Amino acid sequence: MATPLPGAPERAAGSSASLEVTWADGTPAPVGGRLGGYIGADRVVMRPAIAEFDAVAAKIAEAVNTAQQTGATSSGTPGAPVLRGDSALTLRVAEGVTAADIAAGAPGPSSRPTPRRRAEPCSSRPR
């Protein structure tokens, strides 16, 4: 394990963040202080958080695109995927998607409601 620089803050108990730096000749070079703190925060906090954001983004894209495929557009065709990307950084609406591409209806011959017939008047009245 690398020796911290004099005056560098101590690593938190149980922390697994460490950085091993070596010179070109293979001699270990200690890293600590602010640089060590930044690297530790990147490895212990930021990278796991980014991985979680990416997983959430992928689940959102999958859920939206699956819902799209089970619905029908206003023209009655099945919906196509509307989200592209597999990470929080790359998730976006697919190029060329318009409002007509959104599958907000149920699949079938018509997504419009069937009009109701008017009730016929009764020919016999109770007296």
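Quick caveat: nothing in here was measured; it's all calculated off a predicted structure.
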Are [Y] and [X] connected in a single hydrophobic cluster, I mean Ile/Leu/Val/Met/Phe/Trp/Tyr linked by side-chain heavy atoms less than 4.5 Å apart?
X: Y38; Y: V44; result: no
X: L89; Y: V64; result: no
X: F53; Y: V45; result: no
X: I60; Y: V82; result: yes

Who are the side chain to side chain donor-acceptor pair (under 3.5 Å) partners of S87, not counting sequence neighbours?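 Partners of S87 under the side chain to side chain donor-acceptor pair (under 3.5 Å) test: T90.
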
So, for A61 and G85, which heavy atoms are closest and what is the spacing to 0.1 Å?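 That closest heavy-atom pairing would be CB-O, 4.3 Å.
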
Is it the case that the side chain of Q68 and the backbone of A103 share a donor-acceptor pair, with hydrogens and angles ignored and the cut-off at 3.5 Å?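 Yes.
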
Mark yes or no for whether T66, through its side chain, and E62, through its backbone, hold a donor-acceptor pair below 3.5 Å.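 The answer is yes, because a donor-acceptor pair under 3.5 Å joins these two groups.
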
Please list, chain by chain and in numerical order, all residues satisfying salt bridge (charged side-chain N to carboxylate O under 4.0 Å, His left out) with D42, sequence neighbours excluded.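 In terms of salt bridge (charged side-chain N to carboxylate O under 4.0 Å, His left out), with neighbours along the sequence ignored, D42 is linked to R47.
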
Is there a side-chain contact between I102 and T73, using heavy atoms and a 4.5 Å cut-off?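 No, every pair of side-chain atoms sits at 4.5 Å or beyond.
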
Quick one: [atom1] on [X] to [atom2] on [Y], what's the gap to the nearest 0.5 Å?
X: D86; Y: L83; atom1: CG; atom2: CG; value: 12.5 Å
X: I50; Y: D54; atom1: CD1; atom2: CG; value: 7.5 Å
X: D101; Y: T77; atom1: CG; atom2: OG1; value: 8.0 Å

I'd like to know whether CD of Q69 has more than 12 heavy-atom contacts from other residues, nucleotides or ligands below 6.0 angstrom.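 Yes, CD of Q69 has more than 12 neighbouring heavy atoms, counting only those of other groups under 6.0 Å.
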
